[in-house]
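Inspection log for the structure reproduced underneath, given as C-alpha cells.
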4 protein chains.
Amino acid sequence: MQPNPGSSELTFTEAARRKQIVAAAIETIAELGYAKASFVQIAKRAGLSSPGLISYHFANKDDLIEQVVAEIYGAGGAVITMHNEGAVSAWQGLRGYLEGSVAYYDSHRTYMRALVHILQGHPDALGRWVGANNVAELDAVEELLVRGQRAGEFREFDTRTVALIIRQMLSGTLQHLLTRPDVDLTDYTHELVAMCEHALVAPEGKTND
Amino acid sequence: MQPNPGSSELTFTEAARRKQIVAAAIETIAELGYAKASFVQIAKRAGLSSPGLISYHFANKDDLIEQVVAEIYGAGGAVITMHNEGAVSAWQGLRGYLEGSVAYYDSHRTYMRALVHILQGHPDALGRWVGANNVAELDAVEELLVRGQRAGEFREFDTRTVALIIRQMLSGTLQHLLTRPDVDLTDYTHELVAMCEHALVAPEGKTND
Amino acid sequence: MQPNPGSSELTFTEAARRKQIVAAAIETIAELGYAKASFVQIAKRAGLSSPGLISYHFANKDDLIEQVVAEIYGAGGAVITMHNEGAVSAWQGLRGYLEGSVAYYDSHRTYMRALVHILQGHPDALGRWVGANNVAELDAVEELLVRGQRAGEFREFDTRTVALIIRQMLSGTLQHLLTRPDVDLTDYTHELVAMCEHALVAPEGKTND
Amino acid sequence: MQPNPGSSELTFTEAARRKQIVAAAIETIAELGYAKASFVQIAKRAGLSSPGLISYHFANKDDLIEQVVAEIYGAGGAVITMHNEGAVSAWQGLRGYLEGSVAYYDSHRTYMRALVHILQGHPDALGRWVGANNVAELDAVEELLVRGQRAGEFREFDTRTVALIIRQMLSGTLQHLLTRPDVDLTDYTHELVAMCEHALVAPEGKTND
DNA sequence: GATGAATGAGTGTTCATTCAT
DNA sequence: CATGAATGAACACTCATTCAT
C-alpha cells in the first residue's frame, strides 16, 4: 500500500528512502539506459532487498521516473537564471547562457545522461515532465533575444524560432558530450559561441536599425 | 527453414513479404517507439498470422532492424550527394544541403521517426548501422566548408567542429519536426539558413552571393 | 499427402529421395545429437529445398527415425552371424564376436553415433525399434554360451545374465569409442577379450584353446 | 530479483522452494526424459503457479540442472568411499564396490534415472558436472586394482583400461535396471561379481581370500 | 513430385507489480 | 516500514507440420 494515502506529508525515513531510490534510479538509467533500467537493477544499486520496495514507495514506474526528472531539474534549475542577471549586454547574457549550459552539462554528466535516456526511452516523458521546463528555458532565451534586438545588439530574426534553434544546438552539444566523453569542450564551446555571435550580433552600422 | 541462406537471390513472394514486414516494422516503430515495437505488434500491423512468421523471414530482431535501417537509408541516400554537385558556390551548396535535408525530413516523417526511435532505443544501432552514414555525411559537409574557406567565402573556423554543429542543428530540426508536426517549416528553415549564413559567410564574401 | 497411401510400392525417385533423406538424417543426428536434429537441419544437409519435403515423404518424425534405425541395423545385420559360423570353439566364436563388434563399431562410427543418440534422445526408441534387434543379438550370444558350457569350455553361470553383461560391456565400449575417438582400440580390445576369457573359460578348458 | 546474488546464505523458505523445485525437476526428468522436461512441466509437478517462478529461483535452466546433479551426487557421495575402507583385501574391496553400487542404483532409481537422462540429453553435462565425479570414481577403482596387483591378488592387466571396463559394466547394470525394473538383482549381481572375480583374481591368490 | 510459404503451439526468460508476514 | 516470495503477461525465437501452387 502507498504510505500516507491522500496526504502530502512524508515521514523522515520515507523521504530518505525515496531520495535514495531516486538517486539509484538516476545512476542505473545513466549506466544502462532506460530500457534496461528495471526495478531489479535499480534495487540492486540502491542496496535494497527487493524491487517490491520501489513499488511500495512509488505508485508506478512512471511515478518514480517523474521524481527522477524532478530531481534532475531541481538540481539544475538555477542554471539559466544565474547567467541572466546583472546589467550586462544581451549578447554577454546569451554567451553566459551558452557557456554556462555547456559547463553545467559537463559537470553533471550522470544526471544529464539519465535525463537524455529517459527522454529517449519513455513514450511521453517530454509531454508530461520535461516539456514545461523546456518552455520555461525557451522563454528565458527568447527574452534575452528580444532584449538584444530592442537594444540594437542583435539583427532582426524571429525570436521564438531562433531561441528554439539555440536550444537545439545546446541539445546537440549535450548529445555529443555524452557520446564522445573525450571531446575538447573548450574548442567546441569556442566555435559554438563564435557561430552564435556571428549569427545573431548585428554589424556595427546597424545600430539604429 | 530460413529462406535462401547465404544467397542473395530471393523469391518474388519472399522479397514481397520481407518488404511488407519491413514496412510494417517502420510503421510500428514510428508509432509505438522502439521499445514497444514487439514482433506481435509488427505482425499485427502487417496482417500476419503469427509473430513466428517474422522469425521465419528474418534471422533475428537485429536482422529485421538492420533491414529497416537499410530501407530508410536506401530511400534517402541521394540527399547529400544531390545538393553537393554543380559549379555553385560553397554557401549555395550548404544552403542547398540544409534546405534539402529539411525538405527530406518533412517528406519522410514516418521513416525519420522510425530511424530516430531506433537510434534512441537500440543499444548500439549507432555503432553498427548508422555511424558510418553519419560520418560520410559529416565528411561531405566538412568538405563543403573547406571549399568555402579556400574560396574566401567562409570565415575562419575549425571545419570539423562546425560541420558537427551544423549536423546537430539539423538533428534538432528533425526532432522538432517530429515533436511538433504543425511547425511552419518555411519560416523555420528560413531562420536556420539565415543563422548559418551569418554564422559562416565572411562579410566581404557576401557580395558575390 | 503421403504418396501411395495404402500401398507398399514405391516409385524409383520416391525410394531414392527416402534414402537420401535417411542418410542426411543419420549424418545430422550423428553430428548434432537427436535433440538438435530438426527437419530444418536435416533438409539443409540433404540439400532439400524445404523441411516440408521430409514431411511429404515420411508420415512423421517417428516414421523417419524408424527408417533411420532400419537403415542402421540393415547395414550391420551380418555382424553377429558372420562370426558365429565355422566349426570353431565357443570361446573362439565369442572372441570373434567381441573383436568383430568392436571392429564394426570402429568402422561405422557415424551410424553407431546416430543410433546411440536416437536411443538416448527418443522417448521409446528402445521399445519400438531397437529392442527386438537387441534380443536377437542377445539370443545369439546366449546360444554361444550354452554351446560353450555343454562342451565344457565355459564354467557354470546363468547364460542369459552373462549374455546380457557381455552385451553391456560392448555397449560401454561403443560409448567409450564415441566419447574418446582417439582411444587405442587394440589395447582396449585386448583387455576386454582377456577379461572375458578369464571370466568365462573354465580352468581346465584352457588347454585345448 | 534473483535472491541472494553472490551469497551462500539462503532464507528458509527460499531454500525450501529450491529443494522443492529441484525435487520436482528430478521427478519430471526421470519421468519424461530431459528433452520434454520443460519449465512448464516441472512447475506443474511442483505445484507452482508459473514457470517464471523457476526462473525467479534459478538463474538458468543450466543452473537448475546443475543443482539437480549436485543433489543427486550429494545424496550418493558416500558410496564409493564407504566400501573402500577397512583392512580388507583388494578383491573384497572391489566386490563391496560392485555390490554397493548396484544396491545404491536399486535404492535410488528415480535419481539415477534422472541423472542418466541428463547425461543423455544435455549437450555437455558430462564435461561440466559429471566428468569430474566419474574420474574420481575411476581413480578409486584403479587404486583398488593397483593395490590388488601389488598384493598378488590380481593377475596382470592394464589397470586404467580394466577400471574403465568395470565402470562400464556398472553403467550397463544401471541401464538394465532402469529399463527392466523387474530384473532379479540378486542373481544379476551374483553373476556380475562372479565374472569380475574370475576375470581379475589370480588363480594362486584365491587361497588367502 | 516438389516447392516455399505459412501456421500455431511451444521454449526459456524478464518484468512491474502484489501481498502476506 | 520493510521483506522476500509470488504472479502472470509479455518477450524473441524454434519447431514439426500443412498446403496451395
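- For the pair A:R17 and A:L48, the minimum side-chain heavy-atom distance is below 4.5 Å.
- D:R45 pairs by the side-chain hydrogen bond (donor to acceptor under 3.5 Å, both in side chains) definition with D:E31, D:Q41, not counting sequence neighbours.
- Every pair passing salt bridge (charged side-chain N to carboxylate O under 4.0 Å, His left out) that includes a residue from residues 115-131 of chain D is listed here, sequence neighbours excluded: D:D62-D:R128, D:D124-D:R128.
- Under 4.0 angstrom from either OP1 or OP2 of F:dT14 there lies no side-chain N or O belonging to B:S55.
- Take A:H117 and apply the ring-ring contact (aromatic ring centres under 6.0 Å, His included) test, not counting sequence neighbours, and it matches no residue.
- Residues from residues 24-48 of chain D lying near DNA chain E, meaning a heavy-atom separation below 4.0 Å, are D:S38, D:F39, D:V40 in numerical order.
- In terms of polar N and O atoms assigned as donor or acceptor, the side chain of B:S50 comes within less than 3.5 Å of the base of E:dG8 in a complementary pairing.
- Contact annotation: C:R17 side-chain N/O to E:dA2 OP1/OP2 distance is under 4.0 Å.
- Across the interface with DNA chain F, nearest-nucleotide mapping of C:G52 and D:F12 shows D:F12 to be the residue nearer the 5′ end.
- Note: CG (C:D62) to C1' (F:dT17) measures 14 Å, nearest angstrom.
- From A:L64, atom CG reaches atom CG of A:N60 across 10.0 Å, with rounding to the nearest 0.5 Å.
- No side-chain heavy atom of A:L53 sits less than 4.5 Å from a side-chain heavy atom of A:F39.
- When rounded to the nearest whole Å, the span between OH of A:Y56 and P of E:dT21 equals 17 Å.
- Take D:Y111 and apply the ring-ring contact (aromatic ring centres under 6.0 Å, His included) test, not counting sequence neighbours, and it matches no residue.
- Paired runs in DNA chain E that reach 3 or more consecutive Watson-Crick or G-U pairs, where each pair keeps both distances under 3.5 Å, cover E:2-21 with F:2-21.
- A sub-4.0 Å separation between OP1 or OP2 of E:dA16 and a side-chain N or O of A:N60 is absent.
- The distance from atom CZ of B:R18 to atom P of E:dA5 is 11 Å, rounded to the nearest whole Å.
- Atom CD of A:E14 is separated from atom P of F:dA2 by 8 Å (rounded to the nearest Å).
- In this entry the distance linking CZ of D:F58 with C1' of E:dT14 reads 17 Å, nearest Å.
- Separating the C1' atom of E:dG1 from that of F:dT21 is a span of 12 Å, rounded to the nearest Å.
- The shortest distance between the side-chain N/O atoms of D:H57 and the OP1/OP2 oxygens of F:dA6 is below 4.0 Å.
- Under the 30°/60° scheme for interplanar angles, the aromatic rings of B:W129 and B:H122 are found to be tilted.
- Remark: P of F:dT18 and CD1 of C:I54 are 14 Å apart, rounded to the nearest angstrom.
- Taking atom CG on D:L53 and atom P on F:dG4, their separation rounds to 16 Å, with Å as the unit.
- The B:K61 side chain lies nearest to F:dA12 when the options are E:dA5, F:dA5, F:dA12.
- Residue C:Q20 contributes atom CD, which lies 12 Å from atom C1' of E:dA2 at whole-angstrom precision.
- Nearest to the side-chain atoms of C:P51 among the listed nucleotides F:dT17, F:dC1, F:dA6 stands F:dT17.
- Between C:T13 and E:dG1 there is a side-chain polar atom (N or O) within less than 4.0 angstrom of OP1 or OP2.
- Between C:I29 and C:I65, some side-chain heavy-atom pair lies under the 4.5 Å cut-off.
- C:F58 places a side-chain heavy atom less than 4.5 Å from the side chain of C:Q67.
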